[in-house]
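Notes follow once the structure below has been shown.
Here the structure is a predicted model, which is why all the values come from computation and not from measurement.
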Amino acid sequence: MIRFENVTKRYRGTKRPALSGVDFEIQRGEFVFLVGASGSGKSSCLRLILREDVPTSGRVAVLGRDLRSLANRKVPYFRRNIGSVFQDFRLLPSKTVFQNVAFTLQVTGSSRGFISQAVPEALALVGLAGKEKRMPHELSGGEQQRVAIARALVNRPQLLLADEPTGNLDPATSVDIMQLLARINAGGTTVVMATHEAAFVDQMQRRVIELKHGEMVRDETHGGYGDRSMIPRLVPEQERGAAATAALSAVQEVQRETETLEPLTAERIAEMNRTPSTHPIVLPEVDVAELGVADRLGLADAAGEDEVGPTS
Ligand code: ADP
Ligand code: MG
């Protein structure tokens with residue numbers, strides 16, 4: 001699904017490369033933490049995956065496409081397969097919750113019928129049913145991040161990239177967001193999350209790729225956070241401990257849910273959200289062609305000249 005082959009990224013006017021000889025492969029359905037101190041290259045990695053930037057040398061392949069040979073005019077279509085969330089939410093302040101989630105669908109020409117179904121489904125999935133008409137400033141930080149996640153998921157992307165998504169949130173709210181990302185992953189979406197949150201990484205026991213000064217120093221299938229010396233201590237120890245305990249129980253709950261049920265059904269998700277939903281939500285992949293939007297989303301010709309092999 002994502003392959004980095006000996007990737008080096010050097011920004012103009014800088015001495016040291018931001019990424020140096022980075023090599024990894026991420027399979028469909030994985031949950032991967034990208035960890036490392038500030039400046040270690042996490043965001044650079046995510047930007048290369050999104051093709052917001054290109055490597056100085058080496059090769060990046062995402063969703064079966066070699067990004068070197070991806071024509072510029074195809075980049076917007078390629079990005080529609082990828083959802084992104086950021087530390088600072090990036091909502092449109094003068095638009096309602098509904099309009100924020102609907103915005104990209106409108107820009108890309110989705111039908112009104114599709115939008116009126118997909119937006120409430122995405123909002124229900126993140127636990128915000130009934131808040132469609134709120135403005136971003138009327139929401140808590142955690143709720144704003146949920147809107148951003150709904151917006152990232154409304155197109156049913158195969159891949160979700162999250163760059164420090166809990167960085168602006170308090171520990172308890174961070175646990176909620178973490179739990180939501182774990183559920184999204186349990187539904188089949190590949191999740192790559194850059195973070196400093198040692199507690200979550202330790203408790204989740206998912207794959208960890210660690211960067212240090214742009215070099216990959218660790219790739220562990222069930223890792224913890226590792227070297228903590230560089231982690232900023234923004235939260236008092238006591239609260240950190242509480243967050244870790246809460247994270248553990250949240251993650252154990254998600255693990256129990258996913259063990260007993262595979263794949264996640266609409267009923268199950270509705271039950272987990274504890275919000276009665278009139279629109280059943282089905283997370284696993286949608287046949288885009290069947291929805292009749294393949295052309296508009298640029299997916300009709302997705303398979304073809306850009307294929308690079310089994311990473312898709
Ligand atoms: P992280 O997300 O882990 O904090 P980044 O990928 O943002 O790390 O940055 C890695 C290194 O690249 C840092 O030294 C940073 O200063 C540098 N860098 C990032 N973006 C740019 C840019 N656009 N121009 C120059 N240097 C950059
Ligand atoms: Mg960063």
- prompt: Within a strict 4.5 Å, meaning less than it, do heavy atoms of the L50 and F78 side chains meet?
  reply: no
- line: In short, L46 meets A194 closest at the heavy-atom pair CD1-CB, 4.0 Å
Connected via hydrophobic side-chain network under 4.5 Å: L92 and V147: no
- prompt: Which residue pairs satisfy the ring-ring contact (aromatic ring centres under 6.0 Å, His included) criterion with at least one member in residues 89-109, sequence neighbours excluded?
  reply: none
query: Just wondering, do R207 and D219 contact through their side chains at under 4.5 Å, heavy atoms?
result: yes
message: Can you list everything that forms a side-chain contact (heavy atoms from CB on, under 4.5 Å) with A18? Sequence neighbours excluded, please.
response: Y11, S44
Salt-bridge contact E220-R206 (side-chain N to carboxylate O under 4.0 Å): no
side-chain contact (heavy atoms from CB on, under 4.5 Å) partners of S40, counting only residues at least two apart: K42, L211
message: Are the side chains of I149 and I184 in contact, using a 4.5 Å heavy-atom criterion?
response: yes
- request: Decide yes or no for F33 and I209: does some side-chain heavy atom of the first lie under 4.5 Å from some side-chain heavy atom of the second?
  value: no
- request: Check whether any side-chain heavy atom of V54 lies under 4.5 Å from a side-chain heavy atom of R68, and answer yes or no.
  value: no
task: Evaluate the side-chain proximity of T190 to L160: yes if any heavy-atom separation is below 4.5 Å, no if none is.
output: no
field: Electrostatic pair R47-E52, nearest N-O below 4.0 angstrom
entry: no
query: For A118, what residues pass the side-chain contact (heavy atoms from CB on, under 4.5 Å) criterion, not counting sequence neighbours?
result: L105, F114, V154
statement: Between the CG atom in L161 and the CZ atom in R79, the distance rounded to the nearest 0.5 Å is 11.0 Å
task: Grab the two heavy atoms, one from R151 and one from L91, that are nearest each other, plus how far apart they are.
output: NH1-CA, 3.9 Å
query: Can you find a heavy atom in the side chain of P165 that is under 4.5 Å from one in the side chain of M193?
result: yes
statement: d(L159 CG, T189 OG1) to nearest 0.5 Å is 9.0 Å
message: Restricting to ring pair (Phe, Tyr, Trp, His ring centres under 6.0 Å), what partner residues turn up for F86, sequence neighbours left out?
response: none
task: Give, for atom CD of E210 and atom CZ of R218, the distance between the pair rounded to the nearest 0.5 Å.
output: 4.5 Å
Distance-only donor-acceptor pairs under 3.5 Å for side chains of residues 127-135, two or more places apart:
unit_1	atom_1	unit_2	atom_2	d
K131	NZ	E143	OE2	2.6
E132	OE1	G130	N	3.0
R134	NH1	E138	O	3.3

- prompt: Between E5 and R3, is there a salt bridge with N-O shorter than 4.0 Å?
  reply: yes
query: Any idea which heavy atoms bring I49 and I82 closest together, and the distance?
result: O-CD1, 4.0 Å
- prompt: Side-chain contact, heavy-atom cut-off 4.5 Å: F24 with V32?
  reply: no
field: CZ-OG distance between R146 and S140, expressed to the nearest 0.5 angstrom
entry: 8.5 Å
- request: Tell me yes or no: between the side chains of N100 and R90, is some donor less than 3.5 Å from an acceptor?
  value: no
- prompt: Hey, are S69 and D66 close enough side-chain-wise for a donor-acceptor pair under 3.5 Å?
  reply: no
